[in-house]
Chemist: 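Here it is, the structure in full.
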Protein chains: 2
Amino acid sequence: MAQIATAYRDEAPIAAHLESQPLFRGMAPELRATFIQAAQMQTLSKGSILFLQDDESEWFYLILSGWVKLFTETMDGDEAVIDMVSNGHLIGDSAILEDGIHSFGAAAVEPVTAIRLPSSLLKQAITDDHKTALAMLGSLSRHRKRQSREIESLTLQNASQRIGCFLLRLCNPDVPMPLTLTLPYDKSLIAARLGMKSETFSRALNKLRTETTLAIKGSVVTISDLDELSGYVCSACSNEFPCRDLHS
Amino acid sequence: MAQIATAYRDEAPIAAHLESQPLFRGMAPELRATFIQAAQMQTLSKGSILFLQDDESEWFYLILSGWVKLFTETMDGDEAVIDMVSNGHLIGDSAILEDGIHSFGAAAVEPVTAIRLPSSLLKQAITDDHKTALAMLGSLSRHRKRQSREIESLTLQNASQRIGCFLLRLCNPDVPMPLTLTLPYDKSLIAARLGMKSETFSRALNKLRTETTLAIKGSVVTISDLDELSGYVCSACSNEFPCRDLHS
DNA sequence: CGACGTATTGACTCGGCTCAAAACCTGTGG
DNA sequence: CCACAGGTTTTGAGCCGAGTCAATACGTCG
């Protein structure tokens, strides 16, 4: 009796979260129900590992809040940050297409809430259900495109431009001008995410400040001239400014 | 009469090529037939463009021979080489998942033969046919994985290591030791492919030669000690040597 | 053989890394 | 409210890897 009661209390919010996801929204209700039933709410403290590279993939995750770092580690201990994801992103799902092995690790860099779902279920759903396969295709393709831009940016933008690019992607171009935004996570993490050391980040951000109109106070950045910034950044990039859907 | 005869002559080799592709092999014969009918053999001279970034995607291509460069260009004329593909690879297919716009350009860097197929047909096949969607998922996911490694390699391997990594991926680890291989395309292209200038490539290759046992004569490379080379390279990478399926 | 494209070498500059020290938060407990 | 400890960020000095520009060598094809 008590069991059923708790089950109900848990399932309602989980169902709501899953339904907000394109992957689950298109599903037949019965199929979706199997996911909802198998889903588990998780709260993760700062630093905890969701999974490691080369792990057998048992679960995939829908992030609800907080930032998660996706990374790989080399033999001699160096780390490359592949991506940072949060709120509304699925991670670990792509392992089911790669022999069930995670090709990168994932760690919470702050308190994170997530929904954990069994990989086997997703694998089954993709083989059985055409709509699910299509949704998966869409998400993978967005991923691919994003990564292409990443490669481009690493090869032909310098440190300041990469930072500027990062800031631009946080901007909503429709908001009126003196535009204020807060850095989403630690500067050292942004640095790693952009493929540079934090010392370099600090210096390059200063350079960006002197070469464009830009004010920085702690983790709050104020941009007074978007066009100037995008001129500085996007000349070394293949997309022009409102470079939409590159962070979705 | 003559028409039918030529049609037969053309279709037989095209059919054979398509059937060797995972994407088409799983298809129902009738569906595959529509592709075979719409397919066109192409021979492209060095330098010709298959498509450009931001082009409306009308066609996708199966490369049969020769090397094709995938690239993006920045506003101020710089170019990043995303990938080099040849023999047995599909290109331009992923545009159908991205509003039908190519997110990179493709150009032949030497004489190329390819089969050209209409994108609309593939788009239809994916929406209608589950098997095709799954094949597409598989290929996209391989792509994604490859790109992750690309990012890793750009951020944490230096020039010599990236070259060594490139060489290792050309090696068959089962072949007995004094191992000889020929660079697949111009050194300047390899340099671009690895995100460095050709002068840097030249110097870094020299460095690699002095620091490992390795002989270079023009475009012929002889590796006498694979383990030594992989030790030098893979310490700064998250996969160990026989890093399979990273070039398929 | 000469001519053109590709590759190498040299001298120099500059961006980003390293290591170490200082400054700055932020939260804790007295 | 202050002082202090812990982390994060910034600054400084020096170094090294990779880019630039220009000159030279190499290869190959006519």
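Residue numbering restarts at 1 for every chain, and letters A, B, ... go by the order of the sequence lines.
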Chemist: Under 4.0 Å between a side-chain nitrogen and a carboxylate oxygen: does that hold for B:Arg144 and B:Glu150?
Modeler: no
Chemist: Please find the pair of heavy atoms, one from A:Gln147 and one from B:Ser148, that lie closest to each other, and give the distance.
Modeler: NE2-OG, 2.9 Å
Chemist: Return the CD to CG distance between B:Gln157 and B:Leu194, rounded to the nearest 0.5 Å.
Modeler: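 If we round to the nearest 0.5 Å, B:Gln157:CD and B:Leu194:CG are 9.5 Å apart.
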Chemist: Taking CG from B:Asp78 and P from D:dG19, how many angstroms apart are they, rounded to a whole number?
Modeler: 11 Å
Chemist: State whether B:Thr200 places a side-chain N or O below 4.0 Å from either non-bridging phosphate oxygen (OP1 or OP2) of D:dG19.
Modeler: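 For D:dG19, OP1 or OP2 has a side-chain N or O of B:Thr200 closer than 4.0 Å.
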Chemist: Taking only side-chain N and O atoms of A:Asn206, does any of them lie within less than 4.0 angstrom of OP1 or OP2 on D:dT9?
Modeler: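 Result: no.
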Chemist: It should be established whether B:Ser198 places a side-chain nitrogen or oxygen under 4.0 Å from OP1 or OP2 of nucleotide C:dT6.
Modeler: no
Chemist: Is the shortest side-chain N/O distance from A:Lys197 to OP1 or OP2 of C:dC19 below 4.0 Å?
Modeler: no
Chemist: Atom CG of B:Leu156 and atom P of D:dA18: how far apart are they, to the nearest Å?
Modeler: 13 Å
Chemist: Would you kindly check whether a donor in the side chain of A:Arg203 faces an acceptor in the base of C:dG15, or vice versa, at under 3.5 angstrom?
Modeler: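 Answer is no: no donor-acceptor pair is held.
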Chemist: Quick one: do B:Asp83 and B:Lys69 make a salt bridge, cutoff under 4.0 Å?
Modeler: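 No, B:Asp83 and B:Lys69 are not salt-bridged.
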Chemist: Taking for each residue the nucleotide of DNA chain C with the nearest heavy atom, is it A:Ala159 or A:Glu199 whose nucleotide lies nearer the 5' end?
Modeler: A:Ala159
Chemist: Determine the minimum heavy-atom distance between B:Ser45 and B:Ala108, stating which atoms define it.
Modeler: O-CB, 3.8 Å
Chemist: Measure from NZ on B:Lys46 to C1' on C:dT6 and round the result to the nearest Å.
Modeler: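 One finds 9 Å between C1' of C:dT6 and NZ of B:Lys46, rounded.
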Chemist: Between atom CD1 in B:Ile163 and atom C1' in D:dA18, what is the gap in whole Å?
Modeler: 12 Å
Chemist: Any idea which of C:dT9, D:dT9, C:dT6 is nearest the A:Ser188 side chain?
Modeler: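 Looking only at side-chain atoms, A:Ser188 lies closest to D:dT9.
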Chemist: Expressed as a whole number of angstroms, how long is the span from A:Leu205:CG to D:dT11:C1'?
Modeler: 14 Å
Chemist: Classify the side chain of B:Arg209 and the base of C:dT8 as holding, or not holding, a donor-acceptor pair under 3.5 Å.
Modeler: no
Chemist: Would you kindly give the NZ-to-P distance between B:Lys207 and C:dT8, to the nearest whole Å?
Modeler: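 It works out to 17 Å between those atoms.
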Chemist: What is the distance from CZ of A:Phe201 to P of D:dT9, rounded to the nearest Å?
Modeler: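 After rounding, the gap between these two atoms is 8 Å.
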Chemist: Would you kindly give the CE-to-P distance between B:Met196 and D:dT20, to the nearest whole Å?
Modeler: 14 Å
